[in-house]
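Nothing fancy with the numbering, it's 1 onward along the sequence.
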Amino acid sequence: MGRGSRRRRRQRREQGQWQGQRVRDKAWLTGRTPETAVRERSWFERLSDGKQVGVVLGAIPLGVLCHYVLWSHVVPLVGEVVAPIPVVSTVVGWLFAGAAFAVGGIALLVGRSGGPERARQWRRATWVWGSVAVLMAPVSGWSDVPLPVDYFGGVFAGAWGVLLAPLALAVVALVAAVTARFSARARAFGGGDGGNRLLGWLLIGYSVLLLVWGSTLLRQ
């Protein structure tokens with residue numbers, strides 16, 4: 001009797017462990033399947049090697065042309081329109097390049113909490129706005145154009161923010177590495193979803209910092 005009772009208890013325990021493992025496996029698959037699914041290749045990845053080279057070579061003169069058009073025509077024209085309103089003109093100038101970092105940060109946050117369609121829309125916006133921001137980098141004589149003071153602050157804060165972004169990223173990475181070295185909580189937050197949220201908020205903060213810089217420091 002005692003031996004049979006022990007056998008039944010052992011069988012129930014093993015069955016409970018097996019069912020619990022099934023529940024954990026199902027939860028893991030439910031949470032991981034969207035991330036581990038095969039990513040659909042972009043239009044560029046679907047091109048042949050020769051066509052990819054052709055697209056890259058064609059994008060270089062197109063980028064130079066867009067950089068010229070932006071600084072020689074679009075930026076001055078918009079400045080003339082918004083110049084009478086100081087605060088608005090600073091924000092509008094910042095939108096060209098500075099706001100691209102905030103859009104990228106929001107895209108990261110939405111990608112973790114929003115639906116796939118919303119995440120896809122924000123990723124597209126990030127690519128488009130980021131491309132404009134790169135074209136706004138003041139790397140040529142075309143960017144030396146006279147602009148209204150308030151508008152000038154927003155434009156050049158965002159434009160120089162693009163050039164300073166690698167340096168800012170290096171500083172943030174160094175601080176994060178040092179913090180994670182001495183803090184288990186920071187180390188845990190820096191991985192997985194937490195790392196994406198942290199980077200998203202850092203991009204938004206950097207964008208806001210550029211707006212503040214354009215509103216104050218560049219006009220002192």
Can you tell me how far the [atom1] atom of [X] sits from the [atom2] atom of [Y], to the nearest 0.5 Å?
{"X": "Leu95", "Y": "Thr90", "atom1": "CG", "atom2": "OG1", "value": "11.0 Å"}
{"X": "Asp150", "Y": "Ile85", "atom1": "CG", "atom2": "CD1", "value": "11.0 Å"}
{"X": "Trp201", "Y": "Leu108", "atom1": "CH2", "atom2": "CG", "value": "11.5 Å"}
{"X": "Leu174", "Y": "Leu169", "atom1": "CG", "atom2": "CG", "value": "11.0 Å"}
{"X": "Thr126", "Y": "Gln121", "atom1": "OG1", "atom2": "CD", "value": "11.5 Å"}
{"X": "Leu62", "Y": "Leu135", "atom1": "CG", "atom2": "CG", "value": "8.5 Å"}

*For Arg124, side chain to side chain donor-acceptor pair (under 3.5 Å) partners two or more places apart*: none

Give the minimum heavy-atom separation between [X] and [Y], together with the two atoms involved.
{"X": "Ala97", "Y": "Ala159", "result": "CB-N, 3.9 Å"}
{"X": "Pro76", "Y": "Ser72", "result": "CG-O, 3.8 Å"}
{"X": "Ala83", "Y": "Pro148", "result": "CB-CG, 3.6 Å"}
{"X": "Gly98", "Y": "Ser207", "result": "O-OG, 2.7 Å"}

*asked:* Run the side chain to side chain contact (heavy atoms under 4.5 Å, CB included) test on Tyr151 and Val78 for me, step by step, so that the C-alpha distance in whole Å, both residues' side-chain angles and the decisive distance to 0.1 Å come before the verdict.
replied: CA-CA 9 Å; Tyr151 181 66; Val78 174; 3.5 Å; yes

*Could you list the residues that satisfy ring pair (Phe, Tyr, Trp, His ring centres under 6.0 Å) with Phe101, not counting sequence neighbours?*
Tyr206

*Under the salt bridge (Lys or Arg N to Asp or Glu O under 4.0 Å) rule, collect the residues that match up with Arg123, sequence neighbours excluded.*
none

Are [X] and [Y] connected, step by step, through hydrophobic side chains (Ile, Leu, Val, Met, Phe, Trp, Tyr) whose heavy atoms are closer than 4.5 Å?
{"X": "Val132", "Y": "Trp94", "result": "yes"}
{"X": "Val88", "Y": "Leu147", "result": "yes"}
{"X": "Leu199", "Y": "Val110", "result": "yes"}
{"X": "Trp127", "Y": "Leu70", "result": "no"}
{"X": "Val128", "Y": "Val55", "result": "no"}

Test of understanding: with side-chain contact (heavy atoms from CB on, under 4.5 Å), list the residues that count as partners of [X], not counting sequence neighbours.
{"X": "Val139", "result": "His67, Ala137, Leu163"}
{"X": "Val81", "result": "none"}
{"X": "Leu65", "result": "Val69"}

*asked:* Ring centroids only, cut at 6.0 angstrom: are Trp71 and Phe156 within range, meaning strictly under it?
replied: yes

*Contact check, side chains of Met136 and Val162, non-hydrogen atoms, under 4.5 Å*: no

*So do Trp160 and Leu210 actually touch side chain to side chain, heavy atoms under 4.5 Å?*
no

